Amino acid sequence: MAPRTRRGSFPRVVIERDTESEKSSSSEEEEDPEPEVQEEEESEELAEVENGENVEEGLGSKKKERVPITIALTKVCKVCKRKGHEAGFKGATYIDCPMKPCFLCKMPGHTTMTCPHKVATEHGVIPAPNRNTRSSLDYVFRRQLQPDIPAIKTAFIVPNQVDCAVIRYHSRRVTCLEFHPTNNNILLSGDKKGQLGVWDYNKVHEKTVYGNIHHCILNNMRFKPTNDETIYAASSDGTISCTDLETGISSSLMNLNPNGWEGPSTWRMLYGMDINSEKGLVLVADNFGFLYLVDTRSNNQTGEAILIHKKGSKVVGLHCNPLQPELLLSCGNDHFARIWDMRRLEAGSSLHNLPHGRVVNAAYFSPQSGCKILTTSQDNRIRVWDSIFGNLNSPSREIVHSHDFNRHLTPFRAEWDPKDPAESLVVVGRYISENYNGAALHPIDFIDISTGQLVAEVMDPNITTISPVNKLHPRDDVLASGSSRSLFIWRPRDKSEPVQQKNEKKIVLCASEKKTRRKFGGVDSDNDSDDDTFSSKGKNFKSKKLGSKPTPKSLRTKR
DNA sequence: AAAACATGTTTCC
DNA sequence: TGGAAACCCTGTTT
């Protein structure tokens with residue numbers, strides 16, 4: 001950023017921003033509100049309040065007479081550049097800039113620390129606007145719509161302990177995960193580079209990476225319903241692949257960029273994908289708002305591309321209703337999730353449009369009844385619609401939860417627990433870190449979406465990275481996480497443990513172990529400057545089995 | 001040890 | 001409309 005000019009009374013004070021170094025000298029002082037700045041403090045402060053428009057001119061005209069005063073900015077906030085406070089980590093606790101809206105709920109007037117949604121055991125639920133009709137009649141009504149909803153919820157079994165992990169299985173950040181539909185120990189993973197990993201996590205050292213299928217982001221994959229050794233994948237390279245998991249032999253169903261690179265305005269990328277087995281279709285959607293249908297028997301596109309989201313916007317998610325093959329759910333960067341009737345697919349013909357505050361990362365029907373809808377939006381809210389047959393004008397619940405967009409991260413997606421008969425357990429990684437005994441960790445949250453309660457937060461002191469990609473096993477009590485370039489398998493700490501009641505289920509993993517002492521929680525980096533190869537540092541492509549008491553050196557235990 | 005910086009997408013203007 | 005800024009709880013290299 002350009003140096004910031006501040007118009008004081010007489011001498012213009014220029015703060016060279018490149019001296020960002022100061023922020024880190026946090027160790028020296030704590031509460032001292034007096035920075036050792038020069039004399040012109042108050043004038044500076046004044047100017048600061050209303051300036052901002054004179055930055056340019058100051059830059060241009062005062063180039064030479066500007067005396068860059070490199071203030072010893074021990075107290076200048078790196079976020080807003082004002083003094084008197086300082087954003088950043090203090091130990092393992094992040095202090096927000098008070099000038100910014102709350103990092104969690106995005107509302108002004110408070111910081112994350114004091115956010116009303118940051119209660120110890122829950123992130124908070126915002127009842128949707130139309131939710132004031134919360135009469136008992138309403139419940140009766142909804143009960144009629146969903147007669148199969150169990151009256152008493154079964155207790156959740158939450159995987160909470162790292163069972164095994166593979167470090168740098170991928171050479172880029174993990175972008176998607178999929179459990180094998182029939183083989184219990186097989187996990188598939190895709191990464192930013194387009195590689196497809198096949199991992200038998202009971203044999204940690206057996207793993208396969210197919211690197212030639214795609215050459216950029218593998219956005220979504222699905223098993224072929226009629227052959228569970230075959231996987232479809234949609235990639236930002238504009239192709240759909242169909243790969244045999246045994247041989248790695250892959251064919252391409254579709255290539256939206258047959259002429260190769262002709263510039264960013266024409267390069268089409270495939271994001272959302274799902275399979276409609278009833279109709280024998282692979283559905284994919286691109287970054288320009290279009291949906292494509294591919295017949296899985298002929299491997300040919302059927303019909304024309306259909307504009308299903310705002311023209312030019314990315315359609316990141318597609319989901320076919322598990323029970324009603326005519327229903328399709330899509331979501332994308334136009335801030336909408338949309339419900340479609342497959343029999344009447346044309347631009348503008350959506351049955352419902354579900355508005356969101358920001359980009360919608362994911363939208364899913366509930367896995368068993370297909371009656372509920374769960375969305376993850378970049379406005380830090382998980383939204384739930386309890387019945388697709390009910391009032392869809394506003395969500396039944398909005399659950400505030402930190403899963404912001406970050407350039408280094410795969411977008412977070414809240415995922416259903418496919419095993420939960422009540423369809424109320426959801427897993428989602430958390431962006432903001434919390435101080436757990438001195439370590440800044442990013443838990444993976446289990447949320448009861450019927451109440452908004454945080455049922456469990458899963459973490460390990462050795463895992464300091466953010467885990468935006470999570471998937472619960474369709475049959476076992478197993479959680480798979482993709483975090484940075486690593487994959488983790490979590491299982492319950494002790495299977496013989498009596499199942500706890502739902503409200504006592506707060507789990508803090510290894511809270512007493514504090515080996516990890518890092519300022520930052522970590523991120524799933526995709527820094528292109530680091531090497532792609534699996535051999536670049538010797539530690540790449542190594543797998544590690546973690547015992548029940550994990551003290552793995554491999555898990556980048558820092559100090 | 002500390003700082004620079006690479007990186008990509010959305011939103012702002 | 002297009003270009004610039006914002007992001008600001010990285011990870012890696014310098």
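Below, read A as the first sequence line, B as the second, and so on, with proteins coming before strands; counting in each chain starts at 1. What you see is a predicted model, and the numbers here were worked out from it, not measured in a lab.
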Any residue meeting side-chain contact (heavy atoms from CB on, under 4.5 Å) with [X], in chain and number order, not counting sequence neighbours:
X: A:H335; result: A:V359
X: A:I95; result: A:K90, A:T93
X: A:P411; result: A:N361
X: A:H110; result: A:C102, A:C105, A:M107, A:T114, A:C115, A:P116

What is the distance, rounded to the nearest whole Å, between atom [atom1] of [X] and atom [atom2] of [N]?
X: A:K310; N: B:dT9; atom1: NZ; atom2: P; value: 17 Å
X: A:R172; N: C:dT10; atom1: CZ; atom2: P; value: 19 Å
X: A:F405; N: C:dC9; atom1: CZ; atom2: C1'; value: 15 Å
X: A:D96; N: C:dC8; atom1: CG; atom2: P; value: 9 Å
X: A:N361; N: B:dT10; atom1: CG; atom2: C1'; value: 12 Å
X: A:I432; N: C:dT10; atom1: CD1; atom2: C1'; value: 17 Å
X: A:H403; N: C:dC9; atom1: NE2; atom2: C1'; value: 16 Å
X: A:L409; N: C:dC9; atom1: CG; atom2: C1'; value: 10 Å

Closest approach to the side chain of [X], judged atom by atom: which nucleotide of [options] is it?
X: A:R407; options: B:dT7, B:dT9, C:dT12; value: B:dT7
X: A:I466; options: C:dT10, B:dT7, C:dC8; value: C:dT10
X: A:H408; options: C:dC9, B:dT9, C:dT10; value: C:dT10
X: A:Y94; options: B:dT9, C:dT12, C:dC8; value: C:dC8
X: A:F103; options: C:dC8, C:dT10, B:dT7; value: C:dC8

Could you write out each protein N or O paired with an N or O of nucleotides 11-13 of chain B at a distance under 3.5 Å?
from   : atom 1 : to     : atom 2 : distance (Å)
B:dT11 : OP1    : A:H335 : NE2    : 3.4
B:dT11 : OP2    : A:H335 : NE2    : 3.4

Just jot down the salt bridge (charged side-chain N to carboxylate O under 4.0 Å, His left out) partners of A:R383, sequence neighbours excluded, or say none.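 Residues passing salt bridge (charged side-chain N to carboxylate O under 4.0 Å, His left out) with A:R383: A:D379, A:E398.
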Answer yes or no: are there more than 12 heavy-atom neighbours, outside A:K106 itself, under 6.0 Å from its atom NZ?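 Yes, the 6.0 Å shell around NZ holds more than 12 heavy atoms from other groups.
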State, with a plain yes or no, whether a side-chain heavy atom of A:M273 is found less than 4.5 Å away from one of A:Y232. yes
Tell me whether the OP1 or OP2 atom of C:dA6 has a side-chain N or O from A:K100 closer than 4.0 Å. no
Are OP1 or OP2 of B:dT7 and a side-chain N or O of A:K192 less than 4.0 angstrom apart? no
